[in-house]
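Working notes, structure below.
Chain identifiers are assigned alphabetically (A, B, ...) following the order of the sequence lines, protein sequences preceding nucleic acid strands; residue numbering begins at 1 within each chain. It should be emphasised that the depicted structure is a prediction, and the values quoted were computed from it without experimental measurement.
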There are 2 protein chains.
Amino acid sequence: MNSTNEPPKSPQKATIADVAKAAGVSKTTISRYLSGDYKSISASTLKRIEEAIAELRYRPNRMARGLRQARSYSIGMIFADISNPYSTSVLRGAEDVCTRHGYSIIVCNTDNDPVKEKNYIHMMQAHRIDGLIIHPTGHNKDILNEMADERIPVVLIDREIPGLAFDTVGTDNYRAMSEATRFFLDQGYERIGFFSQPIEHVSSRAERFLAFTDVLRNAGHPSVNDLYEFEIRKNAQLEEQLERFIEATSGQSRMLFAVNGITQLKLINALQTRGLRIPEDIGIAGFDDSDWAPVIGSGITTVAQPTYEIGQRAMEKVLQRLGGDDSAKERIALPGQLIIRGSTPSQK
Amino acid sequence: MNSTNEPPKSPQKATIADVAKAAGVSKTTISRYLSGDYKSISASTLKRIEEAIAELRYRPNRMARGLRQARSYSIGMIFADISNPYSTSVLRGAEDVCTRHGYSIIVCNTDNDPVKEKNYIHMMQAHRIDGLIIHPTGHNKDILNEMADERIPVVLIDREIPGLAFDTVGTDNYRAMSEATRFFLDQGYERIGFFSQPIEHVSSRAERFLAFTDVLRNAGHPSVNDLYEFEIRKNAQLEEQLERFIEATSGQSRMLFAVNGITQLKLINALQTRGLRIPEDIGIAGFDDSDWAPVIGSGITTVAQPTYEIGQRAMEKVLQRLGGDDSAKERIALPGQLIIRGSTPSQK
DNA sequence: TTGTAGGCGTTATCAC
DNA sequence: GTGATAACGCCTACAA
């Protein structure tokens, strides 16, 4: 019995030396076992090693291994908005790929704040992450370039940063938006309002709007200038813009296009508040499919992004670069899918 | 000029030795600086150190530091389903707290699969995480206990595991569900169907159902046995259960209660398919508020969970334990909030 | 088939 | 105020 009042000693994590001693071999042999070099170990030794590891519940220390090998087996993922379902789906895709290869993921959420983003990149550097997948705010070109200089694979998702040579994975926004816009024209809408958070230099938004105007201009459609921008956090701005569109299009058959999922929701909310019915009074559609899109009203027409696959492809690209591939940077644009539902009926 | 054809050497990450040399001091002094021990460094030295660090873009290697200090400054978070908005909100809350304290988060998603969960816990152990926040499947008691034995703070969210002494953070399910049920009774529903994924030993589901039946039994209400369980991935099961409820309650005023957000969506979908109108033909409500709950029909009545705060509190608890707090394990049950919308009108 | 020795980048312990 | 030195746990030549 323990006469002192000390708490029971917490069992210290076993080290490779403990395992070596228990198995009656040297650390080298254990290390060989850990790196899968079974063929240079005798059967009986193998057995003793396995028993020792199980007995001691040995888990190789990744920090020690990482320090020695100068690689952490961790991939950083920095999201502009982790609460967006887009992000979690990408995360799942990426995780499923990298887990199979023994990598772990360190995640961060910047809330679209360039300062947070900068700090997180620094944190990632301190972790000596082997690769980075980032949904960038677009304001930290310098550090991103710095990482690239250090030969750390960086893959951008959703957004590209002009002038930066990184691998990029996202939806083929131009193509998907063109298809969608042509569909809206076929449905016979006289006016289509493009509602977006400030396009500025966010490439995905810009591509969508460009496709929109290109198709409209080609068709000689009057909505070429129907762009309505607002800050997502400022409901007043959105309502003001909506008001502007509604007034300008009074008496015409019309619809709203939302640049992303969150904008869809905000617009639907605003329409309901104003007592406008979907689709009788006004049509609506938007980028990003979701669980709720099918069940709102008679369903919302959306452009689905292949989010899970975007995550997979981004991680595969990181691993490919890690594997030594030094070919030209690639821009991977995956097809989006127009999902037609009840919110955009024919106006003819 | 470089006569060989080698690519330009990628600038190697600076080490503490490089900084020491650049600043003309010893590694020890740099280390002192890094640990914030400024008062034992002269002003001029301090200045040279700061210049050297900036110049070399030095980032302390967390693996080396972690190895030496036997702590990783990483917290593991294991989610049963990361695509559930519940999870991301918890994640954000946890992240905001731990970032302020210099910790990073390693995330995993188990898809409610105990095998994946086990592998991920092993991975976390290899990372030597300083603490673990887990939304447990409930099937890996042994390893979780093992971690606790090693003095690693483990905090459970949403679900408790019977017989395990861990800190726990979640919603006060019993209280919130009681309030909601009383409200439904007040509205005058003759039958209320409780739709849930298998309750089994998932404590949060069990608490909700218990509160439900307790209130009903107290009121002598006939729905005490109106439990309808189904596997979330099997739509046929859900529809079968829904059919059963619809038939059994024909002619009565009735509503469905969904045990969580995903179930809400599935039920709404199934009702629409059957041509049943909400709330004219049948009412609906459920646990978990969401962005879409206000905009479906005249709004869905929900019980909102304080998800962000759950994440915060869980992380705070981890840090508190890390700080040496050895008091009794705590069960933190945060208040939920009943949000009444149009899907559960009075039946009187 | 197995073992020895040195070092990865830090911090802690002493010493000056 | 500052520095030399020995670990931390692992891997990788190089030997045997």
Can a salt bridge be assigned to the pair R92(A) and D111(B) using a cut-off of 4.0 Å between side-chain N and carboxylate O?
yes
Among dT11(C), dG3(D), dG9(C), which is the nearest nucleotide to the side chain of T29(B)?
dG3(D)
Pick one: which of T110(A), N140(A), N109(A) meets side-chain hydrogen bond (donor to acceptor under 3.5 Å, both in side chains) with E117(A)?
N140(A)
N/O (side chain, S42(B)) to phosphate O (OP1/OP2, dT2(D)) under 4.0 Å:
yes
Considering only side-chain heavy atoms of N61(B), which listed nucleotide, dT2(D), dC8(C), dG9(C), is closest?
dG9(C)
Euclidean distance, atom NZ of residue K39(A) to atom P of dT2(C) [Å, nearest integer]:
14 Å
Return the 5'-most residue of the pair S44(B), A64(A) with respect to DNA chain D, ranking by each residue's nearest nucleotide.
S44(B)
Closer than 4.0 Å, any side-chain N/O of T45(A) to the OP1 or OP2 of dT2(C)?
yes
Is the shortest side-chain N/O distance from S31(B) to OP1 or OP2 of dT11(C) below 4.0 Å?
yes
Taking the six-membered ring for Trp and the single ring otherwise, decide whether the centroids of Y73(A) and H101(A) are under 6.0 Å apart.
no
Atom-to-atom span, CD1 of I49(A) to C1' of dT1(C) - whole angstrom
11 Å
What's the closest nucleotide to the Q69(B) side chain, out of dT12(D), dC11(D), dT11(C)?
dT11(C)
Check every atom of dT10(C), dG3(C), dC11(D) against the side chain of R32(A) and return the nucleotide holding the closest atom.
dG3(C)
Between D37(A) and K39(A) (salt bridge meaning N to carboxylate O under 4.0 Å), is one present in this structure?
yes
Between R313(A) and E330(A), is the closest basic N to carboxylate O distance under 4.0 Å?
no
Can you check the R62(B) CZ to dT10(C) P distance for me, whole Å?
13 Å
Mind calculating the distance between CZ (R71(B)) and P (dG9(C)) to the nearest angstrom?
23 Å
When the distance from CD1 of I41(B) to P of dG3(D) is rounded to whole Å, what number comes out?
10 Å
Over 12 foreign heavy atoms within 6.0 Å of CZ, R48(B)
yes
For the side chain of S40(A), starting at C-beta, report the closest nucleotide among dT2(C), dT10(C), dT2(D).
dT2(C)
Output the single nucleotide from dT4(C), dA6(D), dT2(D) whose closest atom is nearest the side chain of S26(A).
dT4(C)
Integer-rounded Å distance: dA7(D) P and L67(A) CG
17 Å
Whole Å only: how far is the OH atom of Y33(A) from the P atom of dT2(C)?
14 Å
Of the listed nucleotides dC11(D), dG3(D), dT2(C), the one nearest the side chain of I16(A):
dC11(D)
From C-beta outward on R68(B), which listed nucleotide comes closest to its side chain: dA6(D), dT4(C), dT13(C)?
dA6(D)
To the nearest angstrom, the NE2-C1' distance between H127(A) and dT10(C) comes to 15 Å
Ignoring the backbone of K27(A), work out which of dG9(D), dC10(D), dT11(C) is nearest its side chain.
dC10(D)
So Y58(A), base contact, sugar-phosphate only, or nothing? Heavy-atom distance under 4.0 Å.
sugar-phosphate
